[in-house]
Participant: 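I have a structure I would like to understand better, so I am pasting it below and will then ask my questions one at a time.
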Amino acid sequence: MIQHNSSLQLLPSFRRQIKDSLWIFAIMTFASFSSNIYLSVFSKRTEIILGISFCVLLSILGIFLYIRFLPTMLKTGDKTDFYIGAFWEYLIVTIGFCPLYLYLFVELKWFMLNKYGWECLFLFNTYTNWLLPGIVFATISCIYWLIVHLIQKESKMFYLLEKKRREIYEL
């Protein structure tokens with residue numbers, strides 16, 4: 001993931017934070033992936049299965065983007081690029097969890113969605129049915145943005161050390 005000759009050797013707490021956040025994002029992706037697979041097994045409608053399959057692919061893409069592009073964005077030191085990339089990844093993670101939000105919205109009665117399709121969503125449109133998916137969405141969002149913000153905040157020292165290392169090796 002990150003080269004061994006980088007400044008991460010000098011910042012063990014930052015390296016631990018990167019690894020811990022990778023584990024948290026991997027757990028989130030696994031939760032999204034497993035809940036989507038579970039729901040696709042019990043889905044009988046083709047459009048629901050296609051939607052869930054799309055969300056599974058987005059879950060896998062989210063963790064891949066984190067592993068592939070986060071170290072690159074940290075080395076550039078640009079906050080704007082980092083937050084734009086983090087926002088796109090956040091959208092991917094959020095869309096990956098959409099079937100779980102829908103499952104919680106229909107009160108774990110997936111058979112109703114299979115039987116009546118999208119029309120059954122109007123039957124469940126109450127404040128109490130919006131509450132649990134909203135709380136799950138808010139929790140996932142808070143976890144994601146807190147981790148991303150902490151990584152970006154700590155990356156300033158990393159960026160300065162990387163810049164100094166490049167200057168020394170260029171001389």
Participant: Kindly give the heavy-atom pair with the smallest separation between Leu113 and Arg45, and that separation in Å.
Facilitator: O-CD, 3.7 Å
Participant: Check Asn114 against Ser43 and note the closest heavy-atom contact, atom names and distance.
Facilitator: OD1-CA, 3.4 Å
Participant: Would a 4.5 Å heavy-atom cut-off, applied to side chains only, mark Leu39 and Ile48 as touching?
Facilitator: no
Participant: With the 4.5 Å side-chain cut-off for hydrophobic clustering, are Ile24 and Phe30 part of the same group?
Facilitator: no
Participant: Do Leu123 and Trp118 belong to the same hydrophobic cluster, where Ile, Leu, Val, Met, Phe, Trp and Tyr are linked whenever their side-chain heavy atoms lie under 4.5 Å apart, directly or via other members?
Facilitator: yes
Participant: Quick check: Phe105 with Tyr101 (ring centres under 6.0 Å apart)?
Facilitator: no
Participant: Are Val106 and Asn129 close enough that some pair of their side-chain heavy atoms sits under 4.5 Å apart?
Facilitator: no
Participant: How close do Val56 and Phe33 get, counting heavy atoms only, and between which atoms?
Facilitator: CG1-CE1, 3.2 Å
Participant: How long is the span from the CD1 atom in Ile140 to the CG atom in Leu100, to the nearest 0.5 Å?
Facilitator: 6.5 Å
Participant: Would one find more than 12 heavy atoms of other residues, nucleotides or ligands at under 6.0 Å from atom CH2 of Trp145?
Facilitator: yes
Participant: Starting at NZ of Lys109, measure out to OH of Tyr116 and round the result to the nearest 0.5 Å.
Facilitator: 11.5 Å
Participant: Honestly curious: do Phe124 and Phe42 fall in one hydrophobic cluster under the side-chain, below-4.5 Å linking rule?
Facilitator: yes
Participant: Go through Thr94 and Tyr144 one step at a time and tell me if the side-chain contact (heavy atoms from CB on, under 4.5 Å) criterion holds.
Facilitator: CA-CA 10 Å; Thr94 303; Tyr144 180 84; over 6 Å; no
Participant: Would Phe25 and Val148 count as a side-chain contact (heavy atoms from CB on, under 4.5 Å) here? Give the steps.
Facilitator: CA-CA 11 Å; Phe25 289 140; Val148 165; 4.3 Å; yes
Participant: Classify the ring geometry of Phe87 against Tyr90: parallel below 30°, tilted from 30° to 60°, perpendicular beyond 60°.
Facilitator: tilted
Participant: Taking the side chain as every heavy atom from C-beta outward, state whether Phe137 and Leu104 have any pair of such atoms under 4.5 Å apart.
Facilitator: no
Participant: Would Ile60 end up clustered with Ile49 when hydrophobic side chains under 4.5 Å apart are linked, directly or stepwise?
Facilitator: no
Participant: How long is the gap from CD1 on Ile92 to CD on Glu89, to the nearest 0.5 Å?
Facilitator: 7.0 Å
Participant: Are Leu50 and Val41 joined in one hydrophobic group, where the rule is that I, L, V, M, F, W and Y side chains link up if heavy atoms are under 4.5 Å apart?
Facilitator: no
Participant: Considering non-hydrogen atoms only, spot the tightest contact between Ser32 and Gly96 and give its length.
Facilitator: OG-O, 2.9 Å
Participant: How far does OG of Ser141 sit from CG of Leu146, to the nearest 0.5 angstrom?
Facilitator: 10.5 Å
Participant: Report the C-alpha separation of Leu57 and Ser53 in whole Å, then their side-chain angles, then the decisive distance to 0.1 Å, and conclude whether the side-chain contact (heavy atoms from CB on, under 4.5 Å) test is met.
Facilitator: CA-CA 6 Å; Leu57 290 174; Ser53 301; 5.8 Å; no
Participant: With a 4.5 Å heavy-atom cut-off, do Ile95 and Phe54 have their side chains touching?
Facilitator: yes
Participant: Nearest 0.5 Å, what's the OG-CG distance between Ser35 and Leu102?
Facilitator: 11.0 Å
Participant: Hey, could you give me the CG/OG1 distance between Leu131 and Thr126, rounded to the nearest 0.5 Å?
Facilitator: 9.5 Å
